[in-house]
Amino acid sequence: MTLKIKSMLKFNTLLLLKDGPKHGYEIMKVLEAEIGKISTSQVYPFLNELESQKLLKVDLIGGREKKVYKLTDKGNKFVDSMLSRFEELIDLAVKPRLTQCTHCGCKIYSGGVLKEVEGKKLMFCCEHCAMSFFGH
């Protein structure tokens, strides 16, 4: 069975686990802070699915035996692959919209300062770079 990540909740859960082992309660609290109101029925079945596919290992720790969720090597490879594909999509969407500052060379996605010199339009990331370029 192939795991499909079709929601921000699942995507964020994987990113949290990529960052290191987490208690279920910790995962829930971070997801609620990032996404908004969620329920355990949205998170724990996904964690169980990850475990059943050997992408996640569950350890019981402490006197109350709290579950700690940790990506396995296979799980880390899965997340790395997912992030690589996501990065490729972002590159396809963003790169055509990038311009470069004439002065410092940084990449500009939106905004910037456009100056016209001798009929030629030059793009700068900020007013400071534009002024520095012209020696002011």
Side-chain angles (χ1 to χ4, degrees):
M1 180 165 97
T2 303
L3 184 66
K4 297 196 188 297
I5 307 303
K6 296 182 177 182
S7 72
M8 289 307 295
L9 185 132
K10 289 180 178 182
F11 185 79
N12 282 4
T13 300
L14 287 169
L15 292 179
L16 285 172
L17 292 166
K18 180 69 177 166
D19 212 27
K22 305 273 184 292
H23 290 280
Y25 180 78
E26 181 181 4
I27 293 169
M28 291 288 298
K29 287 301 166 195
V30 173
L31 289 173
E32 281 185 348
E34 292 178 358
I35 296 173
K37 186 76 173 133
I38 59 171
S39 81
T40 56
S41 66
Q42 293 173 286
V43 176
Y44 288 100
F46 179 59
L47 293 172
N48 291 335
E49 184 179 4
L50 293 173
E51 183 181 14
S52 72
Q53 292 196 30
K54 310 262 189 273
L55 300 174
L56 188 69
K57 181 180 183 235
V58 180
D59 291 323
L60 299 175
I61 63 164
R64 295 179 58 204
E65 293 193 336
K66 287 187 175 184
K67 288 184 177 183
V68 175
Y69 300 90
K70 178 183 178 184
L71 290 176
T72 62
D73 288 341
K74 182 180 175 183
N76 274 304
K77 288 176 186 170
F78 174 80
V79 175
D80 288 343
S81 172
M82 179 190 70
L83 291 173
S84 177
R85 287 191 312 270
F86 188 70
E87 185 178 316
E88 290 169 11
L89 290 171
I90 295 296
D91 283 349
L92 287 171
V94 172
K95 276 188 178 177
R97 298 182 71 184
L98 291 177
T99 57
Q100 189 170 359
C101 177
T102 303
H103 179 67
C104 72
C106 75
K107 302 287 186 205
I108 307 164
Y109 177 71
S110 68
V113 177
L114 186 63
K115 298 285 184 181
E116 191 167 330
V117 178
E118 298 173 3
K120 188 176 181 181
K121 293 182 180 182
L122 303 176
M123 180 60 77
F124 299 91
C125 60
C126 63
E127 198 65 49
H128 174 75
C129 273
M131 291 175 66
S132 294
F133 183 79
F134 293 110
H136 295 104

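The figures here come from the full heavy-atom set of this structure, side chains too, leaving out hydrogens, waters and symmetry mates. A quick note: this is a predicted structure, and the numbers were derived from the prediction, not measured.
A 4.5 Å side-chain heavy-atom check between Leu31 and Val43 finds at least one atom pair inside the cut-off. The shortest side-chain heavy-atom distance between Glu49 and Leu55 does not fall under the 4.5 Å cut-off. You'll find the side chain of Lys10 stays beyond 4.5 Å of the side chain of Lys6, heavy atoms only. The shortest side-chain heavy-atom distance between Asp80 and Lys18 falls under the 4.5 Å cut-off. Side-chain contact between Gln42 and Ser39 is present, with heavy atoms from C-beta onward closer than 4.5 Å. Two residues are said to be in side-chain contact when any heavy atoms from C-beta on lie closer than 4.5 Å; Asp59 and Lys67 fail this criterion. For the pair Val79/Phe11, no side-chain contact is recorded, criterion being any heavy-atom separation below 4.5 Å from C-beta on. Proximity of Leu122 to Glu116: side-chain heavy atoms (C-beta onward) are nowhere separated by under 4.5 Å.
Atoms CG and OG, on Asn76 and Ser81 in that order, are 12.0 Å from each other to the nearest 0.5 Å. Within the model, atoms CG of Leu71 and CG of Leu14 stand 6.5 Å from one another, a figure rounded to the nearest 0.5 Å. Once rounded to the nearest 0.5 Å, the distance linking CZ of Phe46 with OH of Tyr69 reads 12.5 Å. The distance from the CD atom of Glu34 to the CG atom of Leu15 is 8.5 Å, given to the nearest 0.5 Å.
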message = Is there a side-chain contact (heavy atoms from CB on, under 4.5 Å) between His23 and Ile61? Walk through the geometry before answering.
response = CA-CA 10 Å; His23 290 280; Ile61 63 164; 3.8 Å; yes

task = Could you walk me through whether Gln100 and Met123 pass side-chain contact (heavy atoms from CB on, under 4.5 Å), step by step?
result = CA-CA 7 Å; Gln100 189 170 359; Met123 180 60 77; over 6 Å; no

message = Working note: Leu47 + Ile27, criterion side-chain contact (heavy atoms from CB on, under 4.5 Å); need CA distance, chi angles, decisive distance, verdict.
response = CA-CA 10 Å; Leu47 293 172; Ile27 293 169; 4.3 Å; yes

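The residues Lys29 and Glu26 are annotated as not salt-bridged, no charged nitrogen and carboxylate oxygen being separated by less than 4.0 angstrom. Salt bridge status for Glu127 with Lys115: present, with a side-chain N to carboxylate O gap under 4.0 Å.
Here the side chain of Thr72 pairs a donor or acceptor atom with the backbone of Lys54 at under 3.5 angstrom. With hydrogens and angles ignored, the 3.5 Å screen pairs no side-chain donor or acceptor of Lys95 with any backbone N or O of Ile90. Listed for the Ser132 side chain is no donor-acceptor partner under 3.5 Å among the backbone atoms of Cys129.
In the hydrophobic clustering of ILVMFWY residues, with side-chain heavy atoms under 4.5 Å counting as a link, Leu114 and Met131 come out apart. Under a hydrophobic clustering in which Ile, Leu, Val, Met, Phe, Trp and Tyr are joined whenever their side-chain heavy atoms come within less than 4.5 Å, directly or via other members, Leu50 and Leu83 fall into the same cluster. Residues Leu17 and Ile35 fall within the same hydrophobic cluster, defined by Ile, Leu, Val, Met, Phe, Trp and Tyr side chains chained together at heavy-atom separations under 4.5 Å. Using a 4.5 Å cut-off between side-chain heavy atoms of Ile, Leu, Val, Met, Phe, Trp and Tyr, with links allowed through other members, Ile108 and Val94 fall into different hydrophobic clusters. Transitive grouping of hydrophobic side chains (ILVMFWY, heavy atoms separated by less than 4.5 Å) brings Phe86 and Phe78 into a common cluster.
Taking the six-membered ring for Trp and thresholds of 30 and 60 degrees, His103 and Phe133 have ring planes more than 60 degrees apart, a perpendicular arrangement.
Atom NZ of Lys57 has 12 or fewer heavy atoms from other residues, nucleotides or ligands within 6.0 Å.
Closest approach of Phe124 and Thr102 over heavy atoms only: CE2-CB, 3.6 Å. Looking at every heavy atom in both residues, Met28 comes nearest to Ile38 through O-CD1, 3.9 Å. Here the shortest heavy-atom pairing between Pro96 and Asp91 reads CD-O, 3.8 Å.
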